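See structure below.
Given the structure is predicted, the values throughout are model-derived calculations rather than measurements. First the proteins, then the strands, lettered A, B, ... as listed; each starts at 1.
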Amino acid sequence: MSRTEKIKKAVRNNYKGWLFVSPLVLGLLIFTLYPTVCSLIYSLHDTDLVHPMQNFGFQNYIALFDGSNASRLFLKSLGNTFLYAVIYIPLSLVLTYLLAWLLNKASRGTYAFRVIYYLPVLIPGVVVGLLWQDILNVQYGIFNAFLGLFDTSFDFLTADHIMGTFIAIQFFNVGGGMIIWIASFKSIPQSMYEAARLDGANGFQCLTHITIPMSTPYIFYNLVMGIIGSLQVFANAYVLTGGTGGDGDALLFYVMNIYNTAFDELNFGLASALSWVLFVIIALLTLLVFKTSRWVYYGEEM
Amino acid sequence: MSKRAKRIVLGTVKYFLMALLAVILLFPFFVMLTRSFMTWQEATSYPVKVFPETWNFASYAEAMNADFFVYFKNTVIVLLVNVVGGTLSAYLVSYGFARIRFKGNNILFGIALSTMMLPGIVSQVPLYVAYSKIGWLNTLLPLTIPQLFGGGMVNIFLIRQYLRSIPGSYNEAAKIDGASELRTCFSVILPMVKPVILLTAVNIFMACWNDFTTPLMYIDSTATEQFTLAVGVYYRFLGAVSNKDKAPNVQMALCVLMMIPSVVVFGFFQRSLIEGVSLTGLKG
């Protein structure tokens, strides 16, 4: 067979599949690859929207550690983001898992509880911000009205309290995680539980010896997604603080800092460098989770 | 304590805790609703009022000013394009991955999946520059066009898992009957995966209705004509604009209004959302 014939045959055998996935391929090239390459180039130059790129070098990366205001904001936002992730990811994984486990059994009212727990997930980010600003308002908020009964008041949004407040607000989303677990429990064969019951296992033993091991692929998935998501918190915190990052930058998250650097200060070079640092952090953490994923049970057939 | 008594006590404690959590999680809705029916005086009075004296709709009328309808129209346009176009695109791409053998299938899917690790902000900043060059800033194009290219990896992943569970013999039979690939895709396979397509559409609807970040980035605070509801509400009450509207009752009325579409859609599709379309084959 000649070369051209070979190529023709390869095209004939493969073109349909590529045609179907072509929207994604184009999308990846235009809306992911192209801007990612641009971002890398920007990060190595001084650039904004008006002036062309100049001064090739690592100055934007060096600026993150040189004690300037930019480096202060970088370290502050990185610290805030890690603090949030370290508290929120494990707590939410455990809490949502527990909820799903409680609501998995088809007992009375279970379905109604699931619906109620899921409802706050439907609240749009901008509404979350508006609503909690109102609830937590020192003058007319309902929380301080209650505290007023005891002749006291509490400002939930000061530098010392705002992170705790924000994490508490984020916990209103437990329903979202819960339903993923419930779906995962469905894929566990009922026969396993029946066998365990026959051997005299109690509910707790069933949880630790069947439910948890069998749902490790989902635990793994939720952990990876939790890391990726938590390090990119933006909308809710942005709305709650009106874009400022709050009193003393206590709620300045990493992506908020990038956003402000790019769109308020128009420093696209520095913003791109910050983005790449975030990408490297996420990639390293994800890799770490993958490397230590021996505890994930993929079933006998794998 | 007997085993039976123990079980009853445990059950009661469990129900009590679950009910308590339900009350906590419903609390924001309670605040939203009651305060939206107050007058400005009631909403800002001290001591704080929990219920309005008379339930009046004045704040809703105030919330739905002329701007509101402009934002609403923009949001509907964005929603329509994203839900219809995004879902269709996600289905076609998933079909290609799950039902057609071709060279590079697995590698391409792996690459596409790994882009989920890439933080959105990495591409958002250069896209801003690109959009400004081609005149897309302050239009609805950045909110709609990108979604047409695959409709998001999460959705592709979900549909693909579903499509893979259908035996390959359906495709072979359709091929023998002389159906084209596109015909097989829409007339044979699509009816079998309706639930997951519907779920995808609902997911895209929710994500799009809630999306605040994208319009915030690509629509200036001065381009009010192009605001979607999310940014419109933000700039009206929270953004760094001097003449911010500080009326809490109107804010809460808008909160309620913004909840209505989500709750209605949720009401229709609650079974599939709550029961969760089980991600069979997450293992694979």
Side-chain angles (χ1 to χ4, degrees), chain A residues 14 16-18 20-21 23-24 26-28 31-32 35-36 38-39 42 49 102 113-118 120 122 124-127 129-131 134-135 140 142 145 172 179-180 182-183 186-187 217-218 221 228 232 234-235 239 242 255 258 262 268 271-272 275 278-279 282-283 286 298-299, chain B residues 14 18 22 25-26 28 31-32 44 46-48 89 92-93 95-97 100 102-103 105 108 112 115 117-123 125-127 129 132 146 149-150 181 209-210 212-213 217 230 233-234 237-240 248 251-252 255 258-259 262-263 266 270 274 276 278-280 282-283:
Chain A
N14 295 306
K16 268 187 198 160
W18 281 95
F20 270 85
V21 299
L24 180 71
L26 283 175
L28 286 177
F31 295 105
T32 306
T36 304
C38 282
S39 173
Y42 291 170
L49 207 50
L102 282 175
F113 276 120
R114 285 188 201 170
V115 170
I116 291 171
Y117 293 174
Y118 191 77
L122 301 174
V126 66
V127 173
L130 268 181
L131 184 64
D134 186 81
I135 292 173
Y140 55 77
I142 197 161
F172 276 75
I179 58 160
I180 298 184
I182 290 179
K186 272 193 183 166
S187 63
Y218 295 84
Y221 174 82
I228 294 176
Q232 296 186 64
F234 178 78
V239 176
V255 173
I258 299 178
F268 285 73
S272 300
S275 313
L278 178 65
F279 176 39
I282 289 179
T286 312
Y298 283 113
Chain B
K14 187 181 127 181
M18 292 199 317
L25 292 181
L26 287 177
V31 172
M32 212 188 273
T44 53
Y46 193 89
V48 176
S89 176
L92 283 173
V93 172
Y95 183 92
F97 277 127
I100 305 175
F102 61 94
K103 259 209 181 90
N105 186 326
L108 181 65
T115 61
M117 265 197 316
L118 195 73
I121 193 80
V122 170
S123 47
V125 172
L127 281 176
V129 180
S132 83
F149 292 89
E181 198 67 61
W209 179 257
N210 294 347
F212 168 72
T213 313
M217 284 188 181
V233 169
Y234 174 77
F237 295 116
L238 294 164
Q251 294 186 7
M252 291 305 108
C255 288
M258 278 203 73
M259 286 301 304
S262 311
V263 171
F266 174 73
Q270 44 161 322
I274 290 288
S278 101
L279 296 160
T280 41
L282 191 65
K283 303 164 168 188

From CA spacing to verdict: side-chain contact (heavy atoms from CB on, under 4.5 Å), B/Ile100, A/Phe20: CA-CA 9 Å; B/Ile100 305 175; A/Phe20 270 85; 3.4 Å; yes
With rounding to the nearest 0.5 Å, note down the distance linking [atom1] in [X] to [atom2] in [Y].
| X | Y | atom1 | atom2 | answer |
| --- | --- | --- | --- | --- |
| A/Asn14 | B/Asn105 | CG | CG | 9.5 Å |
| A/Leu131 | B/Met252 | CG | CE | 5.0 Å |
| A/Leu24 | B/Thr115 | CG | OG1 | 7.5 Å |
| A/Ile116 | B/Met18 | CD1 | CE | 10.0 Å |
| B/Phe237 | A/Asp134 | CZ | CG | 11.0 Å |
| B/Gln251 | A/Leu130 | CD | CG | 5.0 Å |

Shortest non-hydrogen contact from [X] to [Y]?
| X | Y | result |
| --- | --- | --- |
| B/Leu25 | A/Pro120 | O-CG, 3.6 Å |
| B/Ala230 | A/Val126 | O-CG2, 3.5 Å |
| B/Ala22 | A/Phe113 | CB-CE2, 4.1 Å |

Do the side chains of B/Val129 and A/Tyr42 get nearer than 4.5 Å, heavy atoms only?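 Touching, per the 4.5 Å side-chain cut-off.
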Sub-4.5 Å side-chain heavy-atom contact between B/Val122 and A/Pro35: no
Heavy-atom distance under 4.5 Å to chain B: side chain of [X], backbone, both or neither?
| X | answer |
| --- | --- |
| A/Phe31 | both |
| A/Ala235 | both |
| A/Leu28 | side chain |
| A/Thr36 | both |

Could you tell me which of A/Ile228, A/Thr32, A/Ile135, A/Leu26 has the largest number of non-hydrogen atom pairs under 4.5 Å with chain B?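 Heavy-atom pairs under 4.5 Å are most numerous for A/Ile135.
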Residue, of A/Thr286, A/Val239, A/Ile258, that accumulates the most heavy atom pairs under 4.5 Å with chain B: A/Val239
Which region of [X], side chain (C-beta onward) or backbone (N, CA, C, O), has a non-hydrogen atom less than 4.5 Å from a non-hydrogen atom of chain A, or is it both or neither?
| X | answer |
| --- | --- |
| B/Met259 | side chain |
| B/Leu26 | side chain |
| B/Phe212 | side chain |
| B/Thr44 | both |

Mark yes or no for whether B/Glu181, through its side chain, and A/Lys16, through its backbone, hold a donor-acceptor pair below 3.5 Å. no
Between the main-chain N or O of B/Lys103 and the side-chain N or O of A/Trp18, is there a donor-acceptor pair closer than 3.5 Å? yes
Most contact-rich option vs chain A, by heavy-atom pairs under 4.5 angstrom, among B/Gly150, B/Pro126, B/Pro248, is B/Pro126
Name the member of B/Gly96, B/Ser262, B/Pro146 that forms the most heavy-atom pairs with chain A at distances under 4.5 Å.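 Result: the option with the highest number of such pairs is B/Pro146.
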Identify, with sequence neighbours excluded, every residue that meets ring-ring contact (aromatic ring centres under 6.0 Å, His included) alongside A/Tyr118.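 Result, ring-ring contact (aromatic ring centres under 6.0 Å, His included) vs A/Tyr118: B/Phe266.
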If you apply the rule side-chain contact (heavy atoms from CB on, under 4.5 Å), what do you find for B/Ile121 with A/Gln232, and how did you get there? CA-CA 9 Å; B/Ile121 193 80; A/Gln232 296 186 64; 5.5 Å; no
List the steps and the verdict of side-chain contact (heavy atoms from CB on, under 4.5 Å) for B/Phe102 and A/Val21. CA-CA 11 Å; B/Phe102 61 94; A/Val21 299; 4.0 Å; yes
